[in-house]
Amino acid sequence: MTTSLEQGINTLKAAIDAPTASYFSSCVHCGICAYACIFYTETGEAKYTPMNRLEPMKRLWEQEYTVLGRLKKLIGLSKAITQADMEAAVELNFESCTTCGRCSMICPVGNDIVYMIKKMRGALTAAGLAPPELKGAAVRAIEKGSVMGFPMETLAAQVRAAEKETGIKINIDEPNVDYMLLLSSAEVVQFDEIIGSLAKIFKQAGVTWTFSSKAHEAANPGMHMGAKDIEAQQIEQMVAAAEELKVKNVISPECGHAYMAIRWDGPNVIGRPYPFKVFHIIEVLDQLREQGKLKTNACCTEEPITFHDPCQAARRGGVNQPQRNLLNMMSSNFVEMKQHSACNWCCGGGGGVGSLEKTEELRKRIFHRKKRQIDELGVNTVVTMCATCRNTLEEGLENNSMDVNVIGLTEAVANHLLKENES
Amino acid sequence: MNEVELLNWARGPGLVGASFIMVFGIILRLFEIFSLGKAKEYAEVRSSGAMGGIKTIIQRSIPEPRYWRYIGAAYLFHVGLFVVIFFFMPHILMFESVLGFSWPALPNFIIDIFSVLTIGGMIYTLMSRFTNPSRRIMTVFSDYLVWAVTFLPVITGYMTFHRFVGDYTCMLAIHILSVELLMIVLPFSKLSHSFSFAISRWYTGSAFGKRGTL
Amino acid sequence: MTKKTHRLSDELQKHGISRRSFLKFCTAMASAMALPPMAANVMAETLEKVQRQSVIWLSFQECTGCTESLTRSHKPSIESLIFDFISLDYHHTLQAASGDAAELAREQAMHAHKGKYILIVDGSIPTKDDGVYSTIAGMTNLDMLKEVAKDAAAIVSIGTCAAYGGLPKAAPNPTGAQSVSEIIKDKPIINIPGCPPIPVVMTGVLAHVLTLGIPELDSHGRPVAFYGDSIHDRCYRRPFYDQGLFAKSFDDDGARKGWCLYEVGCKGPVTHNACATLKWNNGTSFPIQSGHGCIGCSEPDFWDAGGFYKALSTSNAEPGHWAGVALGAGAVVGAAAALANRHSHKQAESDKTEITLDDMKESDA
Ligand code: SF4
Ligand code: SF4
Ligand code: SF4
């Protein structure tokens, strides 16, 4: 047993870096970050103020890394972090934060609060306090190859089904192709139409691609837990697979967190650059559109649609424009939510929160923000590009008995092209 | 010690001491911050981190209209402080005597308006520490001290300028002493945000810049 | 000098000054000191009636500027006649007698008017090395002051040197100069500071002392009537200050236009004196009117206030000179703190163990 309070504190201490120190030095305790956070705006509970979640970390920084704080500690003016402090932090950092990063957008002194929340999560994990759902998912992802725990054969079966349906051959373990594609478990078993859709689009565009039998899971529970060691294990599996197949590009599926883990966190947790490039599937589709490889003369739909930006892909990951280009290609009536792109409101399901049983009631409450955003526009279709967002939206809309369709963007693009082929 | 001696002390040894501690403290704090380092970025960046950093440093100085209600008063008093500190002629003379260069001053009536705005903004901000739930939960005792240490120079300056109470010499001495207190407290309290804000915004902005969010 | 009783009315007549112009003088004095109108009459009547007051004038470390200021009024005025009225029993510079005769006169006056004479002092008193730096007839100023003060009714310190130490006391104060009030603690002391003081202020205060007693004093022992306002409060250039119009040098456009002299070092805002209202040379002008900032000469320690041409809001020391040292000290201590931080960081880095899948499998019991 290596997790303990002491390990948690050591991990936290090691995680405090110059940005963190500058953030704590700068925080003026204004509480404005609360107004960016759905957990505060929808519940009005002050404890959900983003910076408030980091109290133990701030204390530790002061005690360990400032001269004044060291003196204070020496003469007994500041208290050491206790097990109780850490346990209280679990609720605030795991159960009521989707790591959406919206708070980091509005802090007047520019603090990247969620950057620290992720570190705090890592410390809690080292203290053995990570939620069991996430721990279980991490074990399944690394040992079985998918967070849901289904074996590789499940993907293979879905691929065969898609081949049958589309009549297009779909590669597994084909070396030297343009792209290696990853998927999230939800896309394999729940939103599996994506496989056939992509096969069609890529065929039409003349792009070669493959799955790997060694690594297909893109979702990375290790990242949710801030556990870099675990996160890295899964990244290494993916890197090994891509290297084996000698692909130049790896495609992250829609899921925002997956993209964050593979594109931005990955090289940093393994401590070396990738020998390949990583793209979000929507980036790839937009590139193909730009190159004129998404041939379509289908008329745009006139039905108003809107788009929900997944936090990790858009705000945190920087994919903001491609989805809009594709939407405008498909629709003449694409309307933006009042706050979108980097300032979009989180659906409430990210950061692992959606998978925690305990958070069900809370999630219902915080969904109201998204509900209002959609209500305001009066649209019947919401497009998004993340399986987790999609699940959360569907669940939330159903809870509120709203008659609104939720579609994945990749699927929408495929349907659009399909329409042309049929006409 | 009479008020003349007090003023002479405040303008002389007091100011030397306070500037010393402030400069010393800021440098120390910068060492503290930067010594912790930052992991190397291995991910292939999408766009310039530096641009993002600079953009964020500038952008966050402009309040989001959406949050004006919660943060307007605070921004207002920051602007007020900036104008009053850096554009009141006697202050400029002070800076000139230390820095060796100067810039144009604003007329006194404008300074006067900004002083009132600053005082109003600061009082409002203090009250919101009690009334605003998220601000209240973030509040620690030292926030009130820091508020007082910042408010003192403003109110004493205002009173000195308008000769509201008693002796000008005495008020001027108290005003300068209160500024010195502020200078001493600055590096070692959350007032360090007066310099670390740029570092925070830089780090955050460059991370966003690299990912192409900005 | 004789001890025959004189009345001022006789003196005035002797000098051909009418009662009407004397009353006018009293009214002017009363108004200068902001006394109620009735006070002028009281003053006139008392002045006419009182006996010549015995005065001993001691000059210590001084430049005689104060005496000069008093005696150099343009035309013989009623002000100067006040001095004819008092019985100046001892004054170094002015008396005819010298040497032992002079000292004898002093002792006689002290004896004859024991407890009633007024002691006027100009100049500061050296106290270092038992006061050897200034002696009169073999007696140190310090001893003489103590001796004469002992039986004085009141003391008037004329000029900033006597009132606050003045130039001799300026850093590094080699003679250990002190003001009268630093040495004498048990007598009423009126300070009439200025370097030198305005003549009419001196005579006005003396007239007040002779007729209405000791005037109201501020915390620095100055008569509020003359020292109650700051120069800045009464300065005719004040509107320019308020509008932010400043001369940047003594020969620029602003200076020619008569703008405020704050930037060229005027100490008017912290100086209390009557220059801006009574002015000098029979009301002709005062420094600011002739284009030079106030140097603050009626305030304690004005020599050490950091330079006549340095703006009031600047430092009288050199905080900039210390910046380098502060930077260095900050860097040294900072480097030490940085090393300590690095050490703890590394320590934590090596203390924490890797999180493995087994940790993920632990039960949450
Ligand atoms: S990351 Fe999102 S959910 Fe978490 S504290 Fe910030 S705004 Fe709230
Ligand atoms: S908005 Fe920024 S400065 Fe204000 S409390 Fe939150 S983290 Fe601190
Ligand atoms: S010249 Fe001197 S006394 Fe006159 S207004 Fe300017 S600062 Fe005040």
Side-chain angles (χ1 to χ4, degrees), chain B residues 2-5 7-37 88-100 102 104-112 160 163 167-173 175-176 187, chain C residues 164 218-220 229-230 232-233 241-246 248 260 262-263 265 267-272 296 299-302 304-307 310-345:
Chain B
N2 60 47
E3 77 275 5
V4 180
E5 286 169 297
L7 177 61
N8 284 348
W9 189 87
R11 290 178 61 209
L15 195 65
V16 171
S19 327
F20 188 97
I21 294 175
M22 186 175 81
V23 174
F24 168 86
I26 291 176
I27 300 294
L28 168 62
R29 295 303 313 278
L30 291 177
F31 269 92
E32 277 175 7
I33 293 171
F34 290 120
S35 64
L36 292 171
F88 183 42
M89 192 277 297
H91 296 165
I92 296 177
L93 292 179
M94 173 75 227
F95 290 118
E96 187 185 8
S97 74
V98 177
L99 304 173
S102 72
L106 284 172
N108 288 350
F109 79 91
I110 293 187
I111 299 295
D112 205 28
T160 310
R163 293 172 166 63
D167 184 64
Y168 180 82
T169 313
C170 192
M171 275 315 294
L172 183 60
H175 172 60
I176 296 176
Chain C
Y164 309 129
D218 71 6
S219 61
H220 291 294
D229 291 333
S230 73
H232 186 70
D233 286 338
Y241 173 91
D242 290 332
Q243 286 163 42
L245 298 172
F246 300 98
K248 312 262 174 208
C260 170
Y262 189 96
E263 287 199 26
K267 303 294 182 293
V270 292
T271 306
H272 298 81
E299 295 297 320
D301 298 320
F302 80 99
D304 295 330
K310 267 183 140 181
L312 184 60
S313 63
T314 63
S315 177
N316 51 20
E318 299 284 354
H321 286 181
W322 290 89
V325 188
L327 273 166
V332 170
V333 180
L339 280 178
N341 277 1
R342 287 215 123 114
H343 177 77
S344 336
H345 208 255

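The chains referred to below are lettered A, B, ... by the order of the sequence lines, with proteins before strands, and numbering in each begins at 1.
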- request: Show your reasoning for whether side chain to side chain contact (heavy atoms under 4.5 Å, CB included) applies to C:Leu312 and B:Arg11.
  value: CA-CA 9 Å; C:Leu312 184 60; B:Arg11 290 178 61 209; 4.0 Å; yes
Chain B contacts, top residue of C:Gly296, C:Ala329, C:Ser313, C:Ala317 (heavy-atom pairs, under 4.5 Å): C:Ser313
- prompt: chain B heavy atoms under 4.5 Å from C:Asp233: which part of the residue, side chain, backbone, both or neither?
  reply: side chain
task: Could you look at C:Gln243 and say if it's the side chain, the backbone, both or neither that has a heavy atom under 4.5 Å from chain B?
output: backbone
- prompt: Which pair of heavy atoms, one from C:Lys267 and one from C:Gly265, lies closest together, and at what distance?
  reply: NZ-O, 2.7 Å
query: Non-hydrogen atoms of chain B under 4.5 Å away: do they reach the side chain of C:Ser219, the backbone, both or neither?
result: side chain
- prompt: Among B:Glu32, B:Arg29, B:His91, B:Arg163, which has the most heavy-atom pairs under 4.5 Å with chain C?
  reply: B:Arg163
query: Does some side-chain heavy atom of C:His232 sit less than 4.5 Å from a side-chain heavy atom of B:Tyr168?
result: no
- line: Under 4.5 Å to a heavy atom of chain B? For C:Leu245 that would be neither
- prompt: In terms of heavy-atom pairs under 4.5 Å with chain B, which of C:Glu263, C:His345, C:Glu299 leads?
  reply: C:Glu263
query: Any luck finding a side-chain donor-acceptor pair between C:His220 and B:Glu3 under 3.5 Å?
result: yes
message: Quick check: closest heavy atoms across B:Gly12 and C:Asn316, and the distance to 0.1 Å?
response: CA-OD1, 2.6 Å
field: Heavy-atom contact with chain B under 4.5 Å, split by part of C:Ala340
entry: neither
message: Only pairs of heavy atoms separated by less than 4.5 Å count here; which of C:Gly244, C:Ala305, C:Ala311, C:Ala323 has the most with chain B?
response: C:Ala305
For chain C, the option from B:Leu30, B:Asn8, B:Val98 that forms the most heavy-atom pairs under 4.5 Å: B:Asn8
Closest-packed option against chain B by number of heavy-atom pairs under 4.5 Å, given C:Glu318, C:Arg342, C:Lys310: C:Arg342
field: Contact class of B:Leu172 relative to chain C, heavy atoms under 4.5 angstrom
entry: side chain
- request: Could you check which of C:Ser344, C:Ala337, C:Ala335, C:Ser230 has the highest count of heavy-atom pairs closer than 4.5 Å to chain B?
  value: C:Ala335
message: At a heavy-atom distance under 4.5 Å, which candidate from C:Pro269, C:Ala336, C:Gly320 has the highest pair count against chain B?
response: C:Pro269
Partners passing ring pair (Phe, Tyr, Trp, His ring centres under 6.0 Å) against C:Phe302 (at least two apart in sequence or in another chain): none
Would you mind writing out the side-chain donor-acceptor pairs for residues 13-28 of chain B within the sub-3.5 Å range, not counting sequence neighbours?
{"residue": "B:Ser19", "atom": "OG", "partner": "B:Leu15", "partner atom": "O", "Å": "2.4"}

statement: Scanning both residues in full, the closest heavy-atom pair of B:Ile92 with B:Pro104 reads CD1-O, 3.6 Å
query: Are the side chain of C:Asp242 and the backbone of B:Asn108 linked by a donor-acceptor contact shorter than 3.5 Å?
result: no
- prompt: chain B heavy atoms under 4.5 Å from C:Val332: which part of the residue, side chain, backbone, both or neither?
  reply: neither
message: Which atoms of B:Asp112 are under 4.5 Å from chain C, going by heavy atoms: the side chain, the backbone, both sets, or neither?
response: neither
query: With a 4.5 Å limit on heavy-atom distance, are the side chains of C:Tyr164 and B:Val4 in contact?
result: no
